[in-house]
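Residue numbers count from 1 along this sequence.
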Amino acid sequence: MGKKKQSASTPATAALEAAGISYVAHSYAHSDSADSYGAEAAEQLGVSGDRVFKTLMVSTGANPALDLAVAVVPVDSKLDLKAIGLALGKKKAQMADKAAAQRRSGYVLGGISPFGQRQKTDTVIDASAQQFDTVFISGGRRGFSLEIAPRDAAKATGAIWAQIAAH
């Protein structure tokens, strides 16, 4: 899989390129009326929802604005908060405040990418990604996904693998 230059770079593509990690960029028409960013991405890309992954931010500690982690799960599933808490060695996890997620990641909701975030954040990728040669993960803005090998996604983020998706 070769690199495909995108006319407008994002912190995600810049981070992957700096790390020498290959990806293929895919742009699609984002609709502001979409009910689900992930479902829209899967439909627009013509890819099944188990191969398109959404990036979610969770809070794992006493300070909900600072104790954040990243969860990467298929768009056709939900995040199992107990499972990600256990994967991170925490007693519990809850969905992060939307404003805190945007501040920490440097991205807007619906465009949060695990790559190139403002601050290094613990990341867990659902183990189901490993069944595919490539998966699609947000490239850092709505309507922009990166096709990447799961092992490269984990390498780029320092992620661990765990069963964190609930179907």
Side-chain angles (χ1 to χ4, degrees), residues 10-12 15-16 21 23-24 26 28 30 34-61 64 67-102 104-167:
T10 65
L16 292 173
I21 294 176
Y23 64 89
V24 177
H26 296 273
Y28 57 90
H30 163 67
D35 290 335
S36 164
Y37 298 118
E40 176 190 46
E43 181 181 327
Q44 291 289 325
L45 294 167
V47 179
S48 65
D50 61 344
R51 196 169 156 219
V52 178
F53 283 68
K54 56 189 171 186
T55 306
L56 304 171
M57 301 287 289
V58 297
S59 173
T60 60
D67 299 326
L68 299 178
V70 174
V72 182
V73 296
V75 301
D76 67 355
S77 66
K78 294 185 179 197
L79 174 62
D80 181 333
L81 291 168
K82 185 172 183 165
I84 191 168
L86 290 171
L88 293 166
K90 304 292 184 177
K91 291 185 180 194
K92 63 179 182 173
Q94 61 191 32
M95 293 304 298
D97 173 75
K98 292 176 183 178
Q102 291 181 118
R104 175 70 164 262
S105 68
Y107 297 113
V108 298
L109 295 180
I112 293 179
S113 178
F115 315 115
Q117 292 200 0
R118 281 190 181 144
Q119 194 173 348
K120 180 152 176 44
T121 304
D122 290 340
T123 302
V124 181
I125 302 174
D126 187 67
S128 68
Q130 296 175 96
Q131 70 183 307
F132 300 106
D133 291 334
T134 62
V135 293
F136 294 78
I137 300 174
S138 176
R141 68 173 181 263
R142 295 173 188 153
F144 184 58
S145 289
L146 303 177
E147 184 178 0
I148 186 169
R151 70 184 173 284
D152 288 339
K155 178 182 172 188
T157 58
I160 61 171
W161 299 102
Q163 289 294 141
I164 59 170
H167 296 280

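Minimum heavy-atom separation, Thr60 to Ala69: CG2-CB, 4.2 Å. Minimum heavy-atom separation, Thr157 to Pro114: CG2-O, 3.5 Å. Residues Ala129 and Val135 come closest through the heavy atom pair O-CG1, 4.0 Å. The heavy-atom pair separating Tyr107 from Gly140 by the smallest distance is CD2-O, 3.2 Å. Nearest heavy atom pair, residue Gln102 against residue Leu109, reads OE1-N, 3.1 Å. When all heavy atoms of Thr10 and Gly139 are compared, the pair lying nearest together is OG1-O, 2.6 Å.
Listed for the Ser113 side chain is no donor-acceptor partner under 3.5 Å among the backbone atoms of Ala12. Although no hydrogens or angles enter the test, the distance criterion places no donor-acceptor pair under 3.5 Å between the side chain of Ser105 and the main chain of Ile112. Using modelled atom types, one side-chain atom of Asp126 and one backbone atom of Ala165 make a donor-acceptor pair closer than 3.5 Å.
There is a side-chain donor-acceptor pair under 3.5 Å between Glu147 and Thr134.
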query = Could you go step by step and tell me if Gln130 and Trp161 meet the side chain to side chain contact (heavy atoms under 4.5 Å, CB included) rule?
reply = CA-CA 9 Å; Gln130 296 175 96; Trp161 299 102; 3.6 Å; yes
Steps toward side chain to side chain contact (heavy atoms under 4.5 Å, CB included) verdict (Arg142, Val108) = CA-CA 8 Å; Arg142 295 173 188 153; Val108 298; 4.1 Å; yes
Working for side chain to side chain contact (heavy atoms under 4.5 Å, CB included), residues Gln117 and Met57 = CA-CA 11 Å; Gln117 292 200 0; Met57 301 287 289; 3.9 Å; yes
ask   = For Arg51 and Phe136, what are the C-alpha separation, side-chain angles and deciding distance, and is it a side chain to side chain contact (heavy atoms under 4.5 Å, CB included)?
value = CA-CA 6 Å; Arg51 196 169 156 219; Phe136 294 78; 3.6 Å; yes
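Within the structure, ring-ring contact (aromatic ring centres under 6.0 Å, His included) pairs that include any residue of residues 71-94 do not occur (at least two apart or interchain). Sorted by first and then second residue, the pairs that involve residues 40-50 and meet side-chain hydrogen bond (donor to acceptor under 3.5 Å, both in side chains), not counting sequence neighbours, are His30-Glu40, Ser48-Asp50.
By the 4.5 Å heavy-atom criterion applied to side chains, Thr55 and Val70 are counted as neighbours. Inter-residue side-chain proximity for Phe115 and Ile148 is flagged as met; some heavy-atom pair is nearer than 4.5 Å. You'll find the side chain of Ser59 stays beyond 4.5 Å of the side chain of Asp97, heavy atoms only. The shortest distance between side-chain heavy atoms of Lys54 and Val72 does not fall below 4.5 Å. Using a 4.5 Å heavy-atom threshold, the side chains of Phe53 and Ser128 count as touching.
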Below 3.5 Å, can you tabulate the donor-acceptor pairs from side chains in residues 85-92 to any protein atom, sequence neighbours excluded?
none

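Ring pair Phe144/His26: centre-to-centre distance not below 6.0 Å.
In terms of the side chain to side chain contact (heavy atoms under 4.5 Å, CB included) criterion, residue partners of Ser36 (sequence neighbours excluded) are, by chain and number, Ala39. Residues meeting the side chain to side chain contact (heavy atoms under 4.5 Å, CB included) test with Ala42, sequence neighbours left out: Val52, Val75. Residues satisfying the salt bridge (charged side-chain N to carboxylate O under 4.0 Å, His left out) criterion with Arg104, sequence neighbours excluded, are absent altogether.
Each of Thr121, Leu81, Leu68, Val124 was scored for a side-chain contact (heavy atoms from CB on, under 4.5 Å) with Val58, with one residue passing: Leu81.
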